[in-house]
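Structure record follows, encoded as structure tokens.
Throughout, a chain's letter reflects where its sequence line sits, starting with A, and its residues are numbered from 1.
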Number of protein chains: 2
Amino acid sequence: MTATDDHIDRLPTPAMVHATSQAERVADMLRAFVIDGELAPGVRLSEEKLSRKYQVSRNTLREAFRLLSRERLLVHRMHRGVFVAHPTGEDVRDLFNARRALELPAVRGAAQAPEPLIRAVGAAVEEGEQARAASDWWRMGSANMHFHEALGALSQSARVNEFMRQVLAETRLVFHVMAAPREFHDPYLPWNRRIHLALTAGDTEAAAEELAEYLATSEEQLATAFSGMERSTRG
Amino acid sequence: MTATDDHIDRLPTPAMVHATSQAERVADMLRAFVIDGELAPGVRLSEEKLSRKYQVSRNTLREAFRLLSRERLLVHRMHRGVFVAHPTGEDVRDLFNARRALELPAVRGAAQAPEPLIRAVGAAVEEGEQARAASDWWRMGSANMHFHEALGALSQSARVNEFMRQVLAETRLVFHVMAAPREFHDPYLPWNRRIHLALTAGDTEAAAEELAEYLATSEEQLATAFSGMERSTRG
DNA sequence: CATCGTTGGATTGTTGAACAATACTGCAAT
DNA sequence: ATTGCAGTATTGTTCAACAATCCAACGATG
């Protein structure tokens, strides 16, 4: 041992190891399924069936349910069970209000952001363009999520990042409610490219304006699609 | 029954009734205790003792723990138990970054905000002044929370509001880590008053600048207090 | 003397079964 | 068409048990 143990400081912190409980593992699997749309919005998750399928007790499964309910990916209805969240038109508007509140200021403040954060934005743009070249529509959606997550990260708060991830995950659910993945992601790539370009040029205001337009357009698109849906599925 | 049943529309929606499970009730109690500082930061919450005290099973109690851990009021350490969160200096900085990201844009966008939201800000100011008159220092803290919650509400997103509440609750924990409630809240009342005044005058930019100053000052105050503390409590 | 293995006790992690409370379905009665 | 009332299925909650893990204390080791 040397007198100074600065080599210890280079080791991963305990927060990174993060031993994971059974409930969290189940929650992770379910989260992935829900976000990937393999569990359709509105579907009920039976405690008995799922606990048998995942080989965990009902109590453990319920802990997992609590976690995902807090993330708004599942909704817990007393004595009725938990269901995959089924966002409404109102949710769509709220989600976009939240995104405006988070992303726009993050972009406007990008002047103080360290360079790697800007690069992450660029990486997400390229991921999207690669996915487009491969006609991988679902991955295009993921890339778009990463893009906006990277925008949110410009605000430089771990808590905001976490919140941003949640909001985007929920937004992704919206796309599952209506089955139209392709056309909805298609036109947004060039927008992302322009936003990134403006950011690297240091013109945060231009980036913010492009973003505001994007959000307005996307919200409009989803909201109209939803109002049509809800009229026909009123119950 | 009349042909139109618009009287039904006036009834409280199911979302407002919200049947509450045992776990949620326990979580509510614990949340209040934690925020009010009756449970000191860092204290471990024994499953056995608490389940006996609140007359609930360990499993139910654990569900409550999961809820509060998601809110960052408790921290769950694998095989060690749950503890009342004990924010660090880093947390303080992150919390204020989050608040800047949320509150400043909310205030800047206050032009589009409906009038009742602005009035809520004013109400919080008055609550604070009443508490000050009564020398009720703890209620002054609550009023300050309400004030900033009202500012966040200007962003008009239920999700952002929820997040804001969480961030403020956590901020409140910070005040418990160091025992100095009085001096820290004292100088902020006039600031709140000025911010509200600028808002009612429609001068959102002035309001934002005052708020930015407030946040910077408050963060500085807390951060220096913390760096002193952590030097002496290094573990 | 500082460090390292071991041991025993305490607490959490997880399970499975049991029972109570509630919601849902279908059918009869009005 | 609505109401009342079964029976059934599912969730809400408890309990007791065991496995897994941490922690403090004690020696052993160099």
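For B/Leu74 and C/dT12, the CG to P distance is 13 Å, given to the nearest whole Å. Across the protein-nucleic acid pair, A/Phe83 atom CZ and C/dA23 atom C1' stand 10 Å apart, rounded to whole Å. In this structure, A/Glu48 atom CD and C/dA17 atom P are separated by 11 Å, rounded to whole Å. Distance A/Leu61 CG to D/dG12 C1': 14 Å, rounded to the nearest Å. Rounded to whole Å, the distance from CZ on B/Phe65 to P on C/dT12 is 8 Å. Put simply, CD on A/Glu47 is 11 Å from C1' on D/dT13, counting in whole angstrom units. Between the CZ atom of A/Arg25 and the P atom of C/dG13 there is a distance of 12 Å, rounded to whole Å. Across the protein-nucleic acid pair, A/Arg52 atom CZ and C/dA17 atom C1' stand 15 Å apart, rounded to whole Å.
A salt bridge is defined here as a Lys NZ or Arg NE, NH1 or NH2 lying under 4.0 Å from an Asp or Glu carboxylate O, and B/Arg93 with B/Glu90 fails to meet this definition. Under 4.0 Å is where a charged nitrogen must lie from a carboxylate oxygen, and between B/Glu162 and A/Arg70 at least one such pair does. Taking the charged nitrogens against the carboxylate oxygens, A/Asp28 and A/Arg25 have no contact shorter than 4.0 Å, which rules out a salt bridge. Taking a cutoff of 4.0 Å between a charged side-chain nitrogen and a carboxylate oxygen, A/Asp91 and B/Arg159 qualify as a salt bridge.
To the nearest 0.5 Å, atoms CG (B/Leu39) and CG (B/Leu30) are separated by 7.0 Å. For the atom pair A/Glu103 CD and A/Tyr214 OH, the distance stands at 7.5 Å (nearest 0.5 Å).
Residue B/Thr60 has a polar side-chain atom (N or O) positioned under 4.0 Å from OP1 or OP2 of D/dT14. When the side-chain nitrogen and oxygen atoms of B/His76 are compared with OP1 and OP2 of C/dT12, none of them lie within a distance under 4.0 Å. Remark: A/Gln55 is not in phosphate contact with C/dT14, judged by side-chain N or O atoms under 4.0 Å from OP1 or OP2. Taking side-chain N and O atoms only, B/Arg62 has no distance below 4.0 Å to OP1 or OP2 of C/dT12. Applying the 4.0 Å criterion to OP1 and OP2 of C/dT12, one finds that B/Arg44 has a side-chain N or O inside that range.
For the pair A/Gly141 and A/Arg172, the tightest heavy-atom approach, listed with the atom from each and the gap, is C-NH2, 3.0 Å.
No donor-acceptor distance shorter than 3.5 angstrom exists from the side chain of A/Asn59 to the backbone of B/Asn59, with no hydrogens or angles considered. Remark: the backbone N or O of B/Ser157 is not paired with any side-chain donor or acceptor of A/Asn97 at under 3.5 angstrom.
Each end of the helix from C/dC1-D/dG30 to C/dT30-D/dA1 gets its own axis from five base pairs, and the two axes differ in direction by 30°, given to 10 degrees.
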Produce a footprint string for nucleotides 15-23 of chain D: one letter per nucleotide, 5' end first; B if the base is under 4.0 Å from any protein heavy atom, S if only the sugar-phosphate is, - if neither.
B-B---SSS
